[in-house]
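Data block below; observations after.
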2 protein chains.
Amino acid sequence: MSTVNSRLHTILRIYYRAFSMSDTLNGQDGRHAADHAYRLIRDEILSGKRTGGDWLREGELADSIGVSRTPVREALRRLTAEGLLTYERNKGVQVKGWDVADLDEIFSLRTVLEPWGCSLAAERGTVDTDQLDDLAHRMDALVVDGHPADLDRLTELNNRFHRAILDGSGNTRLATVLASVVQVPIVWRTFAHYNPESLRRSLAHHHELVTALRAHDGEWAQSVMCSHIKSAWHSIREQSGA
Amino acid sequence: MSTVNSRLHTILRIYYRAFSMSDTLNGQDGRHAADHAYRLIRDEILSGKRTGGDWLREGELADSIGVSRTPVREALRRLTAEGLLTYERNKGVQVKGWDVADLDEIFSLRTVLEPWGCSLAAERGTVDTDQLDDLAHRMDALVVDGHPADLDRLTELNNRFHRAILDGSGNTRLATVLASVVQVPIVWRTFAHYNPESLRRSLAHHHELVTALRAHDGEWAQSVMCSHIKSAWHSIREQSGA
DNA sequence: CCGCTAGATGTTGCATACAACGAGGGGTTT
DNA sequence: AAACCCCTCGTTGTATGCAACATCTAGCGG
């Protein structure tokens with residue numbers, strides 16, 4: 001039975017590969033099995049298709065992706081290192097679950113780190129504030145009547161905004177560290193929990209941040225960023241019924 | 001030739017395994033190839049045997065460790081994720097080099113995070129201060145005439161001291177994040193750069209930290225920790241000729 | 001009826017073979 | 001002589017077979 005299954009799966013994999021040849025050329029490096037697996041599995045986790053506590057079977061993933069277990073294992077190890085999965089020897093990996101306590105940990109860390117990085121960026125003046133301004137305006141456009149039109153797009157722009165500031169801090173490790181910590185709440189779909197008032201406030205913060213950064217005023221930028229994050233934290237906690 | 005080499009290596013590997021059977025039982029889980037490889041390679045990097053820029057060949061490592069390339073690859077990916085190696089597709093990994101700028105990044109991050117975590121720990125009062133006190137005294141004992149007697153041991157005790165405080169902060173991610181950032185300067189062998197005065201000061205800080213933590217005075221603990229780290233930073237920079 | 005053990009089954013861990021890629025060298029062409 | 005191409009060789013990337021381990025169940029004995 002096991003052998004039959006294995007053969008069947010191999011056949012399916014070859015089929016899959018034959019039909020997915022076409023879209024391997026548009027993806028930047030989708031032809032590399034390990035990266036491909038990484039991205040697909042990661043997306044399934046972040047999109048909520050695989051939810052907290054689910055076991056991920058190497059064989060099953062390999063078949064559904066259309067590669068062998070080797071690159072899948074590599075992807076799983078990578079996701080484990082990034083904190084999205086928990087790993088138990090000889091048992092496999094499962095999607096890490098999180099609760100309000102995790103959210104608090106993450107946001108209290110952000111409350112310390114992002115304002116600090118923001119003040120560094122303001123004082124160094126190395127941030128592309130025009131790009132930042134552009135991002136802020138594009139986010140404005142995605143919100144109608146205090147409600148987000150396209151959550152995914154809004155989240156992506158917001159991430160780029162924050163990321164750009166951190167990159168301007170001059171401390172590359174700061175951005176890395178925060179990225180590793182922040183990705184979990186992406187699952188939470190932050191903006192989904194904003195009421196119209198907090199959403200408008202959040203957008204206003206972005207514009208104020210641009211101004212403070214342009215003024216090279218570290219303390220101003222720092223305190224706006226602090227408010228920005230505390231406000232987000234509050235919105236999510238409130239909506240999560242905590 | 002390649003085949004001959006491969007066979008020779010396999011023979012050597014079997015030999016190695018036969019002779020190293022004895023010490024697989026004392027190590028807690030040294031019998032697991034991937035973990036074993038991870039630890040050995042990591043030690044070689046941290047001990048300075050493999051220095052910045054060195055290429056690590058999967059085959060070579062596999063043979064020297066006595067396992068196949070599969071677990072070695074896993075170890076290398078893990079070390080890459082931890083930031084000790086850099087990885088280039090189809091080319092392999094090389095030991096990451098670092099310079100004074102990296103040191104500055106790390107210490108400025110520590111200057112923000114550790115005092116913060118320390119103040120949290122003080123206010124929560126969940127740190128085992130007796131253990132901390134014990135560690136501090138054992139470190140005292142390892143220093144004679146302002147000079148460290150056993151650098152490795154001293155470093156290990158110091159790491160445990162700092163780790164215990166972070167664990168008491170109640171923010172598990174804080175400890176994780178700092179651990180991932182701090183391991184690079186271990187290579188620097190921090191205490192090797194201390195002059196007698198800074199070393200004595202550092203030891204005194206530890207005792208003051210214990211007192212501040214016992215007093216549940218967050219601000220006190222925070223400021224001592226801040227001094228402690230700035231002092232370390234200064235010592236290293238001075239000795240590195242920066 | 002309960003507990004326990006042994007085997008069946010499914011999953012992960014590791015070794016190995018082979019494919020794919022990249023760097024370097026020798027030969028040819030201009 | 002310089003530029004280019006092709007071929008070789010070493011290395012990494014992937015697939016696959018088998019071993020080791022964990023879990024579950026059937027069968028046995030208490």
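- The distance between atom CD of B:Glu88 and atom P of D:dG13, rounded to the nearest whole Å, is 11 Å.
- The pair B:Asp35-B:Arg78 meets the salt-bridge criterion, since a charged nitrogen lies less than 4.0 angstrom from a carboxylate oxygen.
- At the heavy-atom level, A:Arg89 lies under 4.0 Å from the strands shown only through sugar-phosphate atoms.
- In this structure, CG of B:Asn90 is placed 7 Å from P of C:dC21, rounded to the nearest angstrom.
- Atom-to-atom, CD of A:Glu60 to C1' of C:dT12 comes out at 14 Å; the value is rounded to the nearest Å.
- For the pair B:Lys91 and D:dT11, the criterion of a side-chain N or O lying under 4.0 Å from OP1 or OP2 is not met.
- A straight line from CH2 of A:Trp55 to C1' of D:dC24 spans 15 Å, rounded to a whole angstrom.
- Protein atom CD of B:Glu74 is 15 Å distant from nucleotide atom P of D:dG13, rounded to whole Å.
- Between A:Asp167 and A:Arg163 there is a salt bridge, since a side-chain N of the basic residue sits under 4.0 Å from a carboxylate O of the acidic one.
- Contact check, B:Arg69 against C:dA15: no side-chain N or O comes under 4.0 Å of OP1 or OP2.
- At the phosphate of C:dC14, neither OP1 nor OP2 sits under 4.0 Å from any side-chain N or O atom of B:Thr70.
- Contact of the B:Leu40 side chain with the B:Leu61 side chain is not registered, since no non-hydrogen atoms from C-beta on lie closer than 4.5 Å.
- Considering only the side chain of B:Tyr87, D:dG13 comes nearest among C:dA15, C:dG13, D:dG13.
- Following rounding to the nearest Å, B:Glu58 (CD) and D:dG13 (C1') show an atom-to-atom distance of 8 Å.
- With rounding to whole Å, A:Arg57 atom CZ is found 14 Å from D:dA22 atom P.
- Between A:Asp63 atom CG and D:dA15 atom C1' the separation is 13 Å, expressed in whole Å.
- Residue A:Leu76 is out of contact with every strand shown, counting any heavy-atom pair closer than 4.0 Å.
- Of the charged side-chain nitrogens involved, at least one lies within less than 4.0 Å of a carboxylate oxygen, so that A:Arg153 and A:Glu156 count as a salt-bridged pair.
- Using the six-membered ring where Trp is involved, A:Trp233 and A:Phe107 have ring planes that are parallel, under 30° apart on the 30 and 60° scheme.
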